[in-house]
Every structure is written in structure tokens, then in C-alpha cells.
Participant: 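Before I ask anything, here is the structure I am working with.
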Amino acid sequence: MAKTSLRKAQADRPGHYVGETLNQVRHGQGKYVFNNTFFAYEGDWLEGVKHGKGKLSMRDGGYYQGDFVNGEITGKGERLWSNGNVYVGEFENGELNGSGQMKYADSRRYTGQWCDNKYEGKGTLHSGEGDIYTGHFHLHKRHGDGEQVWSDGRRYEGGWVASKPHGHGTMKYADGSEYEGQYYHGQRQGQGTYTHISGISYSGLWIQNEIPPEEFASGMAFVGSTEIEISQGESFSIELAVLHPSGNVMEGDTGRMLEAQVGLLSVPKGDKSCKIKNEDIGGTTFKTPFGEVKETNIAEVTRNPRLGEYEEMSEKNESPETVSDEKDRGASRAGYDYITLPTPAPTSPIHRTHCGHASWVNVCIPANRPDDPQKAFPGHDMIEQTLESEDDESDLVEEAKPKAKKKGKNSPATTRKERSATPDSSFQDREKWKKEGPRAERDKDLLKYAAPGTYVIKISDVTDPKFFDSNLEPIYMKLNILKIKKSSNKYLLPKSPVSSRKAG
């Protein structure tokens, strides 16, 4: 026991070697403690120098284990530092050179090319916090072409200088937005295109990571007048442009989300068919420069009736199939033939800009008549349109009913009681069409649309998320819906189309 302890003690002495020799020179397997007792080597020897496979241990707990060539750490091996860093890869003269992987104690990890203990060439660096860079390195920094993925979802691919984006590159942001263009030491600088997640895009100059203030859209404006007039049942169009501070259209503005809101402001004074009870007004409202309005909706229509169409059809003097003989046909009221107005269909209030423009084409304000009166919109359900209740014909508006004519010698029955007393039902139907058909059907058809009155249209920028944390200010226009005028037995619409009726 004493001899073993003595041998071990002798082996740990500075400058002491235990192992194979050749001609009294360390050769083969053996262990040597250097005079600097910080180091100790155990492994292969060749003519007195470390050569082959071996392990160089350090007193602080670190070590190198791997290839040795002529006494130097050269080849492939594993290096452990006392701080916990571990490198596995290629060495040259004791330095990290070639391919290898370094695992840092703080969870970072680099795999790739090395030169003189620094990242050099192609490699992949994991930050330990989820960030990953794959590309070229120089002097331990990201340099050249490479791709960086951040843990927050950002991704950059392009040029790098001193670990910062430089030159041409593409950045995809976590929210889905994207920039492609020039960088200068980590900042967007020069020409570039930014496409926002909303779809808005900007192409132009960048200075110190920002768009110059003069390149931002300054606002919106309607194309044409801010006040238009139409007749009830007639469709209209809204067109607007996004403006540059210079006043020109921002043709590069595409994808901005704009919302059209419509609200009732007032109804014609003295209109008995359009009475609104102020105490009943509730629900969604929004403020405008003209006052607070009650919100309603917009709808699409398939066509826009024009005066010429009505006048042309009115000359035909058609009546239902029940009117079969020329005598009855001639007795019907002249001057009008019923044309069905298109039924409004729901449409999205949100449209996107394209090349600096946005439009709602061929739309109208429909009559919204839910079963629950509390959900009614002013100007629609809360407008009291007096209906005739004597018969079971609730669709006939009082205003549309013909005035009773004085009974003449050759006049047909003109009152409901007289017609209902007529035993000939076909005769009764013919007389009903002659006296009430065109007007009653027309007024019933008009109930599909908003009642006459003044409405406010509000266009808001609702881009979400906001384009560079800002939205454009809303704009407003007035829409006056007029009653259809009646001349004789015709229902007349204005002669000119909506686009040419805009007020100055």
C-alpha cells in the first residue's frame, strides 16, 4: 500500500513522467506533469513530444481531448473551459480553426467555420433565446449574406456588416408586414418598399429607418361634390382618393381599409309619411360635423332606374293578363306601366384602396325592417307610413291610393265598397288594377329603400393594425333622398344621372 501511494505521489510531481519510453525518451503511452503544474498530459508520445491521441488537463477543471501533432493541439478534438463552454471540432496549433461547434454555458450555440478562435465563413448561431442566424461571418460578427430569425417572429434575409443589416435585404415582421430595400448599418435607408399587413404599400425614399413625413398620405377627399341628391329608389356611387401632402393622389396607396357608415340626419318637414319619434331613437349613433346621426347600412343594387326608361314603358300602357279586351285596356289609366325596382342586397361597408382610390358603386340605403322595433333604424322602421286598414292590403300606402272620382254617367265603380259589391270578380280585379295598380305597386316597391330625407355618409380609415401607428381622419358627405315626383299618373325620376347631379 505504501509503495502504491509513493508511486502516485512521484507521478504527480512537476516534470515527472510515468509511461513508455524509447532510448530513455517518452515514446508510446504515458502521463506527464509539466513543470507548470497547471497542465498535465496523458496519451500518445512520439520521440518525446505529444503526438496521436491524448488528453491535456488543466488544474481549473478544463481540458482538451483529441488529436496532437508534434506536440501541438492539431486535428479534431474536444475542448472544455472552466466556465462551462464546450467546443467540439477542428484545431490548429491550439487554436479553433476549421469546422466545429461551440456550446456556450449561457445556452448560445455556434456551428460552422472558425479561424483563430473566431467565427469566420459560413455558420449558424443560436442565441439561446430563440434567435437564429444562418449565413456568413467575419471576425466573429455576422458579415456578408445571411438570414436572421428572431424569437418575436421577425425574419431578415440579405446583406450584413458588423452584425447589422447593410445593403439590400428583406425584413418580414411578426405582424406580417414586409420591407424590401436598402439598409445602412441596421437602419432602413435609401430606396425601399414597405407592405403593411393591411395591404397598404409604400415605395420610395427612407431616411434613418423612417418614411419622410412629406411622403405620408395627408388625408382623403371625395371625387366630386360632398353633397348629392337622388330620388327614392335610385342608386348612387361613392368615390374618393387618398391624397399626398402636395394634393396629388397617392397612387402607391393600396390596401388601406376604409369603412362607409351612413346615418339619418333629418326628414322633410311636413311630410306626413315620414314621421320620426325622437324619443324612440336609440341604438348605434355616430357624430358628424352636421350633428349626431343614427347609423344605418348600405346595400348593392343591380341597376339604376332612369327617367327615360319609365317614360318609354309608360307609353306601352300595359295591364295584367286579366285585362284582355281592347275596351277594358283602353279604360285603364294611361301614362304608366309598373317596372320592378331591384331589391337591395347586403354589401360590405369596408372596401380597400387601390392605387390611391376607393369606391362603392351602385349602392343604396335600404329599408331595414327587423321584427324587433327596438332594432329599427330611424328613416326606415321608425318612419310611420300610414297604411290603409279597411282591406287586407297592408302593402298599399295611403299616399299611393287614388282619390275617389265623382261618379259619372259612364264611370265605373270608384269606391272600394262598390267594387267589393260587384259580383264579377274578374271585373273587380280589372277595376282594381285600373284604379290602384301602378301607384300601389310602385309605392310598395319603394318600401325596399330608405325614406326621403337627409343622410350623412362617413368614410373612416379603419386599417388595423394602423399604418405606422396612425389612421387618416374621416371625411363626410351629405346625401339628400327626394320623393319621386308624380305628374298625372307617372312616377318621374330626375333626367340626369347621379354623377352629373352633384351640387357645387
Participant: Apply the test side chain to side chain contact (heavy atoms under 4.5 Å, CB included) to residues Gln191 and Leu205: give CA-CA distance (whole Å), side-chain angles for both, the deciding distance (0.1 Å), then the verdict.
Facilitator: CA-CA 5 Å; Gln191 293 294 317; Leu205 182 66; 3.9 Å; yes
Participant: Would you say Asn117's side chain and Glu95's backbone share a donor-acceptor pair under 3.5 angstrom?
Facilitator: no
Participant: So does Glu251 have more than 12 non-hydrogen atoms from other groups sitting under 6.0 Å from CD?
Facilitator: no
Participant: Report the C-alpha separation of Glu227 and Asn480 in whole Å, then their side-chain angles, then the decisive distance to 0.1 Å, and conclude whether the side chain to side chain donor-acceptor pair (under 3.5 Å) test is met.
Facilitator: CA-CA 8 Å; Glu227 184 169 354; Asn480 297 313; 2.8 Å; yes
Participant: Flag the pair Phe137 / Trp160 as yes when their ring centroid distance falls below 6.0 Å, and as no otherwise.
Facilitator: no
Participant: Taking the side chain as everything from C-beta on, heavy atoms only, tell me whether Trp81 gets closer than 4.5 Å to Met102.
Facilitator: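 Yes, close enough: below the 4.5 Å cut-off.
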Participant: Apply side chain to side chain contact (heavy atoms under 4.5 Å, CB included) to residues Ile197 and Asp464 and explain how you reach the verdict.
Facilitator: CA-CA 8 Å; Ile197 179 60; Asp464 185 28; over 6 Å; no
Participant: For the residue pair Thr285 and Lys294, confirm or rule out a side-chain donor-acceptor distance under 3.5 Å.
Facilitator: no
Participant: Dump the intermediate steps for ring-ring contact (aromatic ring centres under 6.0 Å, His included) on His351 and Trp360, then the final yes or no.
Facilitator: CA-CA 8 Å; His351 282 196; Trp360 286 258; 4.7 Å; yes
Participant: Show every donor-acceptor pair shorter than 3.5 Å between a side-chain atom in residues 179-186 and any protein atom, with sequence neighbours excluded, or say none if there are none.
Facilitator:
unit_1	atom_1	unit_2	atom_2	d
Tyr179	OH	Gln182	N	3.2
Tyr179	OH	Gln182	O	2.9
Gln182	NE2	His168	ND1	3.3

Participant: Let me confirm one number: the CG-CZ distance from Asn97 to Phe91, rounded to the nearest 0.5 Å.
Facilitator: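 Rounded to the nearest 0.5 Å, the CG-CZ separation comes to 10.0 Å.
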Participant: Does Tyr110 reach the side chain of Thr124, with side-chain heavy atoms less than 4.5 Å apart?
Facilitator: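 No; the side chains remain at least 4.5 Å from each other.
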Participant: Would Glu259 and Met257 count as a side chain to side chain contact (heavy atoms under 4.5 Å, CB included) if you check the C-alpha gap in whole Å, the side-chain angles of each, and the deciding distance to 0.1 Å?
Facilitator: CA-CA 7 Å; Glu259 180 182 32; Met257 297 174 63; over 6 Å; no
Participant: Less than 4.0 angstrom from a charged side-chain N to a carboxylate O is my criterion; do Asp106 and Arg108 meet it?
Facilitator: yes
Participant: Given 3.5 Å as the limit, does a donor-acceptor pair link the side chain of Thr254 with the main chain of Thr353, or not?
Facilitator: no
Participant: Is the side chain of His140 donor-acceptor paired with the backbone N or O of Tyr119 at a distance under 3.5 Å, no angle test?
Facilitator: yes
Participant: What closest approach, in Å, do Val361 and Ser359 show between heavy atoms, and which atom pair accounts for it?
Facilitator: CG2-OG, 3.8 Å
Participant: Using only atom types and a distance under 3.5 Å, with no angle test, would you say the side chain of Tyr87 pairs donor to acceptor with the backbone of Glu90?
Facilitator: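 A pair under 3.5 Å: yes.
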Participant: When rounded to the nearest 0.5 angstrom, what distance separates CG in Asp253 from NE2 in His196?
Facilitator: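 If I round to the nearest 0.5 Å, the distance is 11.5 Å.
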Participant: Determine whether Phe68 and Leu56 make a side-chain contact, defined as any pair of heavy atoms from C-beta on separated by less than 4.5 Å.
Facilitator: yes
Participant: Have a look at Trp150 and tell me which of Tyr156, Tyr133, Tyr173 forms a side-chain contact (heavy atoms from CB on, under 4.5 Å) with it.
Facilitator: Tyr156
Participant: Determine the minimum heavy-atom distance between Ile298 and Pro349, stating which atoms define it.
Facilitator: CD1-CA, 4.4 Å
Participant: Closest heavy-atom contact between Phe286 and Val456?
Facilitator: CZ-O, 4.3 Å
Participant: Do Lys448 and Pro344 come close enough that some side-chain heavy atom pair is under 4.5 Å?
Facilitator: yes
Participant: Are any side-chain N or O atoms of Ser348 and backbone N or O atoms of Ile350, one a donor and one an acceptor, separated by less than 3.5 Å?
Facilitator: yes
Participant: With no hydrogens and no angle check, is any side-chain donor or acceptor of Asn362 less than 3.5 Å from a backbone partner on Val301?
Facilitator: yes
Participant: Without swapping roles, check the side chain of Asp67 against the backbone of Lys76 for a donor-acceptor pair under 3.5 Å.
Facilitator: yes
Participant: Classify the side-chain pair Thr347/Glu300 by whether it contains a donor and acceptor separated by less than 3.5 Å.
Facilitator: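 A donor-acceptor contact under 3.5 Å links the two side chains.
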Participant: Hey, is CZ on Arg155 packed in by over 12 heavy atoms from elsewhere, all under 6.0 Å?
Facilitator: no
Participant: Find the distance between OG1 (Thr134) and CD (Glu157) and round it off to the nearest 0.5 Å.
Facilitator: 10.0 Å
Participant: What I want to check is whether the side chains of Gln113 and Ser99 have a donor and an acceptor closer together than 3.5 Å.
Facilitator: yes
Participant: Rounded to the nearest 0.5 Å, how far does CG of Leu80 lie from CE of Met58?
Facilitator: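 It is 9.0 Å, given to the nearest 0.5 Å.
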Participant: Does the side chain to side chain contact (heavy atoms under 4.5 Å, CB included) test come out yes or no for Ile481 and Ile365, once each step is laid out?
Facilitator: CA-CA 10 Å; Ile481 298 182; Ile365 307 176; 4.2 Å; yes
Participant: Quick one: closest heavy-atom pair of Tyr63 and Ser57, and the distance?
Facilitator: CB-CA, 4.2 Å
Participant: Atom NE2 in His166, atom NE2 in His143: separation rounded to 0.5 Å?
Facilitator: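 Rounded to the nearest 0.5 Å, the NE2-NE2 separation comes out at 9.0 Å.
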Participant: Any donor and acceptor pair, going by atom type alone, linking the side chain of Glu120 with main-chain N or O of Leu139 inside 3.5 Å?
Facilitator: yes
Participant: If you measure from CD1 on Ile459 to CD on Glu239, what distance do you get to the nearest 0.5 Å?
Facilitator: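 Between atom CD1 of Ile459 and atom CD of Glu239 there are 12.0 Å.
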Participant: Where do Leu243 and Ala221 come nearest, in terms of heavy atoms and distance?
Facilitator: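 Closest approach of Leu243 to Ala221, heavy atoms only: CD1-CB, 3.7 Å.
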Participant: Is there a side-chain contact between Pro366 and Tyr449 in this structure, where contact means two heavy atoms from C-beta onward sitting under 4.5 Å apart?
Facilitator: no
Participant: Keeping the roles fixed (side chain from Ser127, backbone from Glu129), state whether a donor-acceptor pair exists under 3.5 Å.
Facilitator: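 Answer holds: yes.
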Participant: Ignoring hydrogens and angles, write down the donor-acceptor pairs under 3.5 Å from the side chains of residues 465-479, residues two or more places apart or on other chains.
Facilitator:
unit_1	atom_1	unit_2	atom_2	d
Ser470	OG	Phe467	O	3.4
Asn471	ND2	Asp461	O	3.3

Participant: Closer than 3.5 angstrom, by distance alone: can the side chain of Ser231 be matched with the main-chain N or O of Glu234 as a donor-acceptor pair?
Facilitator: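 Answer holds: no.
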Participant: Under 4.5 Å between any side-chain heavy atoms of Tyr202 and Thr193, yes or no?
Facilitator: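 Tyr202 vs Thr193: side chains apart.
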Participant: Is there a side-chain contact between Leu125 and Arg109 in this structure, where contact means two heavy atoms from C-beta onward sitting under 4.5 Å apart?
Facilitator: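 Not in contact.
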Participant: How far apart are the closest heavy atoms of Glu215 and Met250, and which atoms are they?
Facilitator: O-CE, 3.4 Å
Participant: So do Gln261 and Ile457 actually touch side chain to side chain, heavy atoms under 4.5 Å?
Facilitator: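 Ile457 does not reach Gln261 side chain to side chain.
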Participant: ring-ring contact (aromatic ring centres under 6.0 Å, His included) with His244: which residues, sequence neighbours excluded?
Facilitator: none
